[in-house]
2 protein chains.
Amino acid sequence: MLNQLSPLDLAFQALADPTRRAMVERLTRSPASVGDLARPFSMSLPAVLQHLSVLEGSGLVASEKIGRVRMCRIEPAALSLVEQWINARRIEWGRRLDRLGAYLEELKAKGDSDGSNE
Amino acid sequence: MLNQLSPLDLAFQALADPTRRAMVERLTRSPASVGDLARPFSMSLPAVLQHLSVLEGSGLVASEKIGRVRMCRIEPAALSLVEQWINARRIEWGRRLDRLGAYLEELKAKGDSDGSNE
DNA sequence: ATGATACTAAAGTAAATGCTTAACCAATTA
DNA sequence: TAATTGGTTAAGCATTTACTTTAGTATCAT
């Protein structure tokens, strides 16, 4: 089961929910208040607050209360953590294709030198 | 509530679990059997199978049974879906910084031309 | 044929998730 | 000062998630 969650876990979990992803998309354009964030959704304000707290817990979003309105903004560092994980997979995948390519080249060279078909 | 899940939802949800992410990492290096995938984890085989089925459902992994062993491989298209979402956010974020920068430049130009301090 | 191997299916469970409603409080505004 | 606005807290609930154990079913080796 999931006990000590890494920052990467928290980020991926936060982004797994479409509502939260939409909130991140919104905040990527500009900072917004809790009410602003809630407006597009057909759910209660407390529900939105809970999503927001997941986002804050993951480090993807930060917020600050000014007067009676809480302004929220994205925190790009957490997003780039996710980005790095994906990139690492792509790089490894590329390396694999390279190895496979080299192997196929080797096979081909061998095949060209003897009389086997294909 | 979550009803019709988009491919992106499925991919993010699949990657939200550390066990499944580890399985993806393993498969990025080379294809592996169910048993291979299970070995590093201290959980039952059925549990691993369930994780695998989530990964397959998300399109991140494909598998094929040969004899009595099921070989699994990653399916990079689904990963690149996630990558694209992240990139889109980074681009939007960049655009925002550009706008902010332009605004600050404008302020600065104005500030340089009049007598205000700073 | 017998047993071992590799996986699969089914059912059950504790905990987490994504909501809700019903208060509540603290800044504005009238 | 009283009402409104914007947010917050707490409690409760249905569903989903991440497992477990138990009991299979096909292969493959001997």
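Letters A, B, ... mirror the listed sequences (proteins, then strands); counts begin at 1.
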Please state how far atom CG in L45(B) lies from atom C1' in dT22(D), giving the value in whole angstrom units. 14 Å

For G35(B) and for H51(A), find the nucleotide of DNA chain C with the closest heavy atom, then tell me which residue's nucleotide is more 5'. G35(B)

Is there a donor and acceptor pair closer than 3.5 Å between the side chain of Q13(B) and the base of dT17(C)? no

Output the rounded distance in Å from CD (E64(A)) to C1' (dG7(D)). 15 Å

Figure out the CE/C1' separation between M43(A) and dT21(C), and round it to whole Å. 15 Å

Has the side chain of R68(B) got a donor or acceptor that lies under 3.5 Å from a partner of the other kind on the base of dA6(C)? no

For F12(A) and F12(B), take the angle between the two ring planes, folded into 0 to 90°, and tell me which bin it lands in: parallel under 30, tilted 30 to 60, perpendicular over 60. tilted

Given the rule that I, L, V, M, F, W and Y join up when any side-chain heavy atoms are under 4.5 Å apart, are F41(A) and I74(A) in one cluster? yes

Can you tell me how far P of dC28(D) sits from CD1 of I66(B), to the nearest Å? 10 Å

Under a 3.5 Å threshold, yes or no: a donor from one side chain and an acceptor from the other, between S58(A) and Q13(A)? no

Of dT8(D), dT20(D), dG18(C), the nucleotide closest to the side chain of P46(A) is dT8(D)

At less than 4.0 Å, is any side-chain N or O atom of S44(A) found next to OP1 or OP2 of dT20(C)? Yes or no. yes

Looking at the side chain of A47(A), which of dT20(C), dC19(D), dG7(D) is the nearest nucleotide? dT20(C)

May I ask you to decide if E83(B)'s main-chain N or O and S80(B)'s side chain share a donor-acceptor pair within less than 3.5 Å? no

Rounded to whole Å, how long is the line connecting atom NZ of K65(A) with atom C1' of dT8(D)? 7 Å

Return the value, rounded to whole Å, for the distance between atom CG of L5(B) and atom P of dT17(C). 16 Å

What's the CG-P distance between L49(A) and dT17(C), to the nearest Å? 17 Å

Residue closer to the 5' end of DNA chain C, Q50(B) versus D36(B) (nearest nucleotide): D36(B)

Value in whole Å for how far the P atom of dT5(D) lies from CZ of R70(A): 21 Å

Find out if a path of hydrophobic residues (ILVMFWY) with successive side-chain heavy-atom gaps under 4.5 Å connects L8(B) to V61(B). yes

Given dC19(C), dG7(D), dT8(C), identify the nucleotide with an atom nearest to the side chain of V34(B). dT8(C)

